[in-house]
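Residue numbering restarts at 1 for every chain, and letters A, B, ... go by the order of the sequence lines. When reading the values below, keep in mind they use all heavy atoms of this one structure, side chains included, and skip hydrogens, waters and symmetry mates. Because the structure is predicted, anything quoted here is derived from the model rather than measured.
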Amino acid sequence: MSFVSIKSFFKPLAALDPPQPSASPDKVPVMESPSLELGASPILSGNVCKRSKELSADLPLLRGRKRKVRARLLESDSEEDIPDNTTDNVVDRKLARVRPEHKPDSKLLEAKFDNFRSPDTNKSMVASPISASVISSPKITPGLNGTFDKFEENSLKRLKISGTTVIPVTPTSPLIERELMDTCEQDIAIESPVPKTKCNPISKNTHTPEAKNSSPSISHPHIVSKSNYYPDQRDYHPVDSACWETKTPIPYLALARTFQAVESNSSRLRIQSILCNYLRSVLALSSPQELICSVYLTLNRLGPAWRGEELGVGEGVLIRALVQATGRSQKAIKDELYKVGDIGLVAESSRCTQRMMFKPSALTVEAVFSKLQEIARFTGCSSQQKKVEKISALLVACRDTETRYLIRGLSGKLRIRLQEQTVLTSLAHAVCLHEMERSGKCAKGEELKEKMDTAVQTLKSVYCELPDYERVIPALLEQGLEALPKFCCLTPGIPLKPMLAQPTKGLSEIFKRVDQAAISCEYKYDGERAQIHVIAPGKVRIFSRNQEDMTDKFPDVIDRLPRHLGNNVASCVLDSEVVARDTEKNQKLPFQVLTTRKRKGVSLEEIKVQVCVYAFDLLYLNGESLVHESFRRRSKIMRNSFKPVDGEFVFSEQKITSCTEDIQAFFEGSLKDQCEGLMIKTLDHNATYEISKRSFNWLKLKKDYLDGTGDTLDLVVVGAYQGTGKRTGNYGGFLLACYDPDSEEYQVICKTGTGFSDAQLEAQYNILKQHVIPIPKPYYSLGTCPAPDVWFDSNYVWEVKAADFSLSPIYPAAAGLADRERGISLRFPRFIRVREDKTPEDATTSEQIAHMYRSQQSVSGIITSTTGEDYY
DNA sequence: GTTGCATAATCGC
DNA sequence: GTCCGACCTATTCGG
DNA sequence: CCGAATAGGTCGGACGCGATTATGCAAC
């Protein structure tokens, strides 16, 4: 067993980096050797790396079975005897029981699995410049890996047998993936009856080459078009294909493998089907609780938002945990993070060297989820250290991809293109198929598609009204899909998903979109969304746009709410906007004032910032859900059921018209009244509050959306931040400055990270990297903004658009001009274009910015104090 | 042991 | 919050 | 009439400012 230093370990990784013409070779940071404990496992043996190279060179020439055997031969010298293990036997038995005649050659299976780990330098992985499979040497930590290898073996045996071909169900490497794409039509194939009508749309792809090639022994007379693709009941067996047994805990590795398969696919339909297959196995083999855990882990959540559980874990904590678990230096980890742009991948590439007294047992889905909740529960003194310890222990227990997804989850983003909509679809599909399997009534073809589509619709609409998996999933399992809406529906006290609005560029676009339908225009207030639930008289809760419980933030609103309820209102759910308000001057205050309100432990007396509620929709009244009613009706009922009080609780300003001039005037009126613009809603057509049908059903019109209007600034690029995730290798954000001719300084005003296309981003990287300077120029005024990763000489001017100006505690731009201390920054800054015609000295000046800020305030005559303490 | 400050994490837009 | 890009679906266009 | 091109919608993931809150740390 040879020991290698981290240095030699990383060399091959550097070689694997996607070619970046811009990056100079010396950019690759040299990793310092960590103080590896004597006796700790070697990270990765040198010969594995070498073999990897050989493999990648050879593999493109080899195909199919031949390649697998070759790979197996190449790997063979590292084979070790796998100790007997019951799980292993179980899987063997399962395979034998299921299809004895097709029991695959075990050597071939292993070869297959070896291929799982084969690096592929020819095809860049979607989100991981460093192929994780290179890093995961099979036998790395002999002291720890016993049971884990069993998981791997089990995963390996999740093989699908179609005729004579053996295909891993879960593609985990690009190689396998590519091969799968060659054969995936077998996945896509669904046996269906001969189309009844000739114009049946599903007959479209009948003549794909794959269909022709498919073996006649596999009876797929009919290939359904990709758009009708659903997991094939025949190809995936929820029980037999799963890598765990019924009534045994789901190994976290099974979920991690699913994530990996999802990550390496780009097609939404395939992603859906991969997750669906996993969920089908969970449905068939495991408990409802494990299904809930799986869903939460997939969505990377701890529970429903209104419970307010937070991980309280960020990059800092994660890095410390990595240091502790791996023995690498903080600097080495940060350097790698800078280069790789994903802390999950960094963790995966860092082997844990921490020694454990006992072998950590295999991670299960439930265990991982409950550990996350434990981490969230640590509070108070030295809680961070406890979190670090806990994460570190988890890290030690992780194997290969488990590390990646666990750490990504802890960092807040799983980044596998899998979010609520996709999960709901997969869950609906899985339950639908599960129900059909249980009842023995297997629909096919069109009928199947229809059933699946209704299932998705049902689940999505139920979930939008009751976004709580802990209620929906048990009901789903007990009552079935069809009956679900009866048991899970809008319930006061539980926030529902809010209707959102799509930005529009002007009236012409609005008319085009609503297409003759009658519309209502309302002011768009600049405050905070508040979903007010009156559960029973005197029992009120308020939720935010993201279903967070904001009840404690608005005791004043709750206190006076009874006065606004109509006599016959016993319970209701109101949709509204809370806006800060100057009670003396009787006018609205900017959003920035609203945010200064305390969030927790607010008592009525100490409230400094008063608010007014602008109600605009009613979703529930006295036991009846109104979400299926038209907006016209909802709005009318609302306006009849509440008693507005000026400055405390009013209805949103509304105008029902389709006249361009009227709308124009109304829009301008909204701006004069310190609103952001207009909300446009259809009154009758598509006018229900059904988020599942379309969550962006309303339209919004703001000044800054309009081309050629809104505040535009020309700013100098003075620095940039390394991009993360899909921006890895480019700059992800830029630091911008305005010019102050008086002091001849460039004063930093904001960052910007949106508005450019991928191509522009790359182009700017290539241009700007030539202007990097080691330290900022002395005439850059920086305030306390976060230091960029690179500084630039002041050469380029960009046009940037913003919605608003704000007084900034960290940016120095125009400091002293609008506020004695604070500078000015931009709200919602976005890149518009490069101003090649402008020199840095032509950039927008501090005085101009101060003027813009003042005119924004003076629209309403708001006078800002210069103390920075009070706003009014 | 308190207190004040800096930093990180969340969440509003 | 803004914005972009990939993917899907439905519709239109052109041979 | 059918396949190709196009348009529009959905979904996910980059990134913005600034507020509170919680925690860690150093000074008193």
side-chain hydrogen bond (donor to acceptor under 3.5 Å, both in side chains) filter on A:S652, not counting sequence neighbours, yields A:E522, A:R639
Check: Should the pair A:K751 and A:Y721 be classed as cation-pi, given the thresholds of under 6.0 Å to the six-membered ring centre and 45° from the axis?
Finding: yes
Separation of D:dA7 atom C1' from A:D515 atom CG, nearest Å, is 15 Å
ask   = Relative to each other, are the rings of A:Y405 and A:F259 parallel, tilted or perpendicular (30° and 60° limits)?
value = perpendicular
Residues at least two apart in sequence or cross-chain that pass salt bridge (charged side-chain N to carboxylate O under 4.0 Å, His left out) with A:D549, listed by chain then number, are A:R541
For A:T712, the side-chain contact (heavy atoms from CB on, under 4.5 Å) test, sequence neighbours excluded, returns A:E799, A:K801
Atom CZ of A:R599 and atom C1' of D:dG18 are separated, to the nearest Å, by 11 Å
With a 4.0 Å cut-off (strictly under) to non-hydrogen atoms of chain A, the first and last hit nts on DNA chain B, 5' to 3', are B:dA9 to B:dC13
Salt bridge (charged side-chain N to carboxylate O under 4.0 Å, His left out) filter on A:R597, not counting sequence neighbours, yields A:D556
By salt bridge (charged side-chain N to carboxylate O under 4.0 Å, His left out), A:R301 pairs with (sequence neighbours left out) A:E420
Double-helix bend of the helix from C:dG1-D:dC15 to C:dG15-D:dC1, axes at both ends from 5 pairs, round to 10°, gives 20°
By ring pair (Phe, Tyr, Trp, His ring centres under 6.0 Å), A:F805 pairs with (sequence neighbours left out) none
| message | Can a side-chain donor-acceptor contact be found between A:D575 and A:Y689 if the only test is distance below 3.5 angstrom? | response | yes
The correct set of residues in residues 303-315 of chain A placing a heavy atom under 4.0 Å from DNA chain D is none
Sequence neighbours excluded, the answer for salt bridge (charged side-chain N to carboxylate O under 4.0 Å, His left out) partners of A:R545 is none
In 5'-to-3' order, the base (B), backbone-only (S) or no-contact (-) status of each nucleotide in nucleotides 23-28 of chain D, using a 4.0 angstrom heavy-atom cut-off, is SS----
In B/S/- notation (B base, S sugar-phosphate only, - none; protein heavy atoms under 4.0 Å), nucleotides 8-17 of chain D written 5' to 3' is SBBSBBSSBS
